[in-house]
Amino acid sequence: MTTSAAADARFLGRDAIDCLPEGALERKLELGRPLRVKLGLDPTAPDVHLGHTVVLRKLREFQDRGHVVVLIIGDYTARVGDPSGRSSTRPQLSGAEIDANARTYVDQAAKVLDRDRIELRHNSEWLNMSMEGLFALTRTTTVAQLLERDDFAKRYAGREPISLLELLYPMMQAYDSVAVRADVELGGTDQKFNLLLGRDVQRAYGIDEQVVLTMPILPGVDGERKMSKSLGNQIGVTEPAQEIYGRTLRLPDAAMASWYELLLGEPLPVELTPRDAKHALAHRLVERLHSAGAAVAAAAHFDRVFVQGDLPEQIEEASFDVVDGTVHVPALIAASFGGSRSDARRKLAAGAIKLDGVLLRPDDLDLAPERLDGAIVQVGKRQFRRLRRPV
RNA sequence: GGCGGGGUUCCGGAGCGGUCAAACGGGCGUGGCUGUAAACCACGUGGCUCUGCCUUCGCAGGUUCGAAUCCUGCCCCCGCUACCA
């Protein structure tokens, strides 16, 4: 790279919320060597979603300028088990599970990152330390400092439990920065505290402090809360093209601008109607995570099923059981689509179930098998099965 | 260790002897309206062989015709206090 450090710093920090301390990134870049840019991964949650890609995209920008991304698998912290909230201890993962999770995570991250410029580390390499080592680490920080963190402060004020282990988590993350000698650490704005703590701990160990760079948090498909798996408002990078397309269209208009900016790095196109802008967004996302062809197909599928109300091109098959010469509809629905039979009865009563396009009535509980072979059942607007008599 | 407050259905949170499968809100689902928008409206949201039956209110016993509600024991959580003695 021949660009100046100042120009690089300006570019890399252009869409960050924080780039701290002031001017530090430029000074790091002036060192003229590849910087070590750190990101920690939680191997208990192996699913990468669009929210993560905001940070990953930023990491990619560092890579493209010749720097090295240090991915840290939090295998040691995962093995300890995080007892957050009031639930007791989370199930601890085995080493094999953690490895498997880490592998899929890296594969998913590689949809955005350049695989050849990744240094992969595990924090068990250094966190499995002696008690003496732990003393040295914990001496660097005070309890008051840790309780400054917003979520801790709120929970403490709200009389909610905080385990000692949870207080220790930021310390461990900070020590990761010491161990890999991170020059820069990235995260969402929710990570700001942890990232800054990393600086303090590095200083205590006599290491040059890392630059802290935080990226905005992507709202989920509900448009309100941050995208996260536990809130169920995420779009995973490995989801099928049709899903990514369809779920993107469910995004409230109000959140579209931030998706454009955070995911595409562009402003919301004002020349398009909201509907067209959202379709364009969905198209681009599928294109990035799958392929151009998949994007065209997903758009066509959407138009066919939801706009025209036609059947999908491909419908999964499901068999059905005949008991006493008839087929019990709740049992059929439960077996083919999941859920309970009671739930299927309710859907039937609500007028949500169609057979070959004809609405079934609440008392259509038992049907003749002849009527079903080859027929298409539809639950709601988006679930279809083609029925096949079992042989 | 002492004192006090808690553990309810996916989440929050009412209920405090029968009318409780359990208020209300959120989330979610289905229907309507639509751009499958959002907002809004309606209905639904333990299970089943479904005008009834079965299993749920931390766990185990008990009292009662009858318990989420009362009693006993246990487990778990939260707060305060624990200095002068």
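Both backbone and side-chain heavy atoms feed into the values below; hydrogens, waters and symmetry mates do not. Nothing here was measured: the structure is a model prediction, and the numbers come from that model. Lettering follows sequence order; numbering is per chain, from 1.
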Subject >> Test salt bridge (Lys or Arg N to Asp or Glu O under 4.0 Å) applied to Asp15(A) - qualifying residues, sequence neighbours left out >> reply: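 Salt bridge (Lys or Arg N to Asp or Glu O under 4.0 Å) list for Asp15(A), sorted by chain: Arg57(A), Lys58(A).
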
Side-chain donor or acceptor of [X] paired with backbone N/O of [Y] under 3.5 Å:
X	Y	value
Ser336(A)	Ile333(A)	no
Gln191(A)	Gly188(A)	no
His67(A)	Leu29(A)	no
Lys347(A)	Ala352(A)	no

Subject >> Partners meeting ring pair (Phe, Tyr, Trp, His ring centres under 6.0 Å) with Tyr205(A) (sequence neighbours left out) >> reply: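 With neighbours one apart ignored, the set is Tyr175(A).
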
**OP:** Using a cut-off of strictly less than 4.0 Å, decide whether Arg346(A) has a side-chain nitrogen or oxygen near OP1 or OP2 of C50(B).
**Re:**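 So the side-chain polar atoms of Arg346(A) never come under 4.0 Å of the phosphate oxygens OP1 or OP2 of C50(B).
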
**OP:** Just jot down the side chain to side chain donor-acceptor pair (under 3.5 Å) partners of Asp222(A), sequence neighbours excluded, or say none.
**Re:**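 Residues passing side chain to side chain donor-acceptor pair (under 3.5 Å) with Asp222(A): Arg225(A), Asn233(A).
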
Whole-Å gap separating [atom2] ([N]) and [atom1] ([X]):
X	N	atom1	atom2	value
Asp303(A)	G35(B)	CG	C1'	12 Å
Ile235(A)	U36(B)	CD1	C1'	14 Å
Arg345(A)	U49(B)	CZ	C1'	8 Å
Asp222(A)	G27(B)	CG	P	9 Å
Asp343(A)	G46(B)	CG	C1'	11 Å
Glu224(A)	A39(B)	CD	C1'	11 Å
Asn233(A)	C28(B)	CG	P	9 Å
Arg341(A)	U49(B)	CZ	C1'	9 Å

How would you label the contact of [X] with the nucleic acid (heavy atoms, under 4.0 Å): base, sugar-phosphate, or nothing?
X	result
Arg382(A)	nothing
Val305(A)	nothing
Ser342(A)	base

**OP:** Answer yes or no on whether Arg65(A) is positioned over the face of Phe62(A), meaning its NZ or CZ is under 6.0 Å from the six-membered ring centre and within 45° of the axis.
**Re:**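 Ring-cation test returns no.
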
Suppose you measure atom [atom1] in [N] against the same atom in [M]; what distance do you get, rounded to whole Å?
N	M	atom1	answer
G32(B)	G47(B)	C1'	30 Å
G4(B)	U19(B)	P	33 Å
A68(B)	C57(B)	P	8 Å
C24(B)	G73(B)	P	37 Å
G18(B)	U69(B)	P	11 Å
G17(B)	G12(B)	P	25 Å
U9(B)	C54(B)	P	23 Å
U51(B)	A60(B)	P	32 Å

Base partner of [N], which must satisfy Watson-Crick or wobble distances under 3.5 Å:
N	answer
C28(B)	G44(B)
G79(B)	C3(B)
A38(B)	none

Which residues in [range] have a heavy atom closer than 4.0 Å to any atom of RNA chain B?
range	result
residues 271-283 of chain A	Pro274(A), Arg275(A), Lys278(A)
residues 350-368 of chain A	Ala350(A), Gly351(A), Ala352(A)
residues 310-337 of chain A	none
residues 248-268 of chain A	Leu249(A), Arg250(A), Leu251(A), Asp253(A)

Original post:
Under 3.5 Å, is there a donor-acceptor pair between the Ser177(A) and Lys38(A) side chains?
Top reply: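 Judged by distance alone, the side chains do pair up.
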
Original post:
Tell me the side-chain hydrogen bond (donor to acceptor under 3.5 Å, both in side chains) pairs involving residues 257-274 of chain A, sequence neighbours left out?
Top reply: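 Every pair satisfying side-chain hydrogen bond (donor to acceptor under 3.5 Å, both in side chains) with a residue in residues 257-274 of chain A: Glu266(A)-Arg284(A), Thr273(A)-Asp276(A).
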
Members other than [X] in its cluster, when Ile, Leu, Val, Met, Phe, Trp, Tyr link by side-chain heavy atoms under 4.5 Å?
X	value
Leu31(A)	none
Leu359(A)	none
Leu196(A)	Leu20(A), Leu195(A), Val212(A)

Indicate every side-chain donor-acceptor pair of residues 296-307 of chain A with a distance under 3.5 Å to a residue at least two apart or in another chain.
{"from": "His301(A)", "atom 1": "NE2", "to": "Gln242(A)", "atom 2": "OE1", "distance (Å)": "3.4"}
{"from": "Arg304(A)", "atom 1": "NE", "to": "Leu311(A)", "atom 2": "O", "distance (Å)": "2.5"}
{"from": "Arg304(A)", "atom 1": "NH2", "to": "Leu311(A)", "atom 2": "O", "distance (Å)": "3.3"}

Original post:
Is the closest basic N to carboxylate O distance between Lys28(A) and Asp208(A) below 4.0 Å?
Top reply: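 Looking at Asp208(A) together with Lys28(A), the answer is yes, because their closest N to O distance falls below 4.0 Å.
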
Subject >> Salt-bridge contact Arg115(A)-Asp107(A) (side-chain N to carboxylate O under 4.0 Å) >> reply: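 Salt bridge: yes.
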
**OP:** Take Arg225(A) and Gly246(A), find for each the nucleotide of RNA chain B with the closest heavy atom, and name the residue whose nucleotide sits nearer the 5' end.
**Re:**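 The answer here is Arg225(A).
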
Original post:
Nearest to the side chain of Phe302(A) - C48(B), U36(B), U30(B)?
Top reply: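 Out of C48(B), U36(B), U30(B), the nucleotide with an atom closest to Phe302(A)'s side chain is U36(B).
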
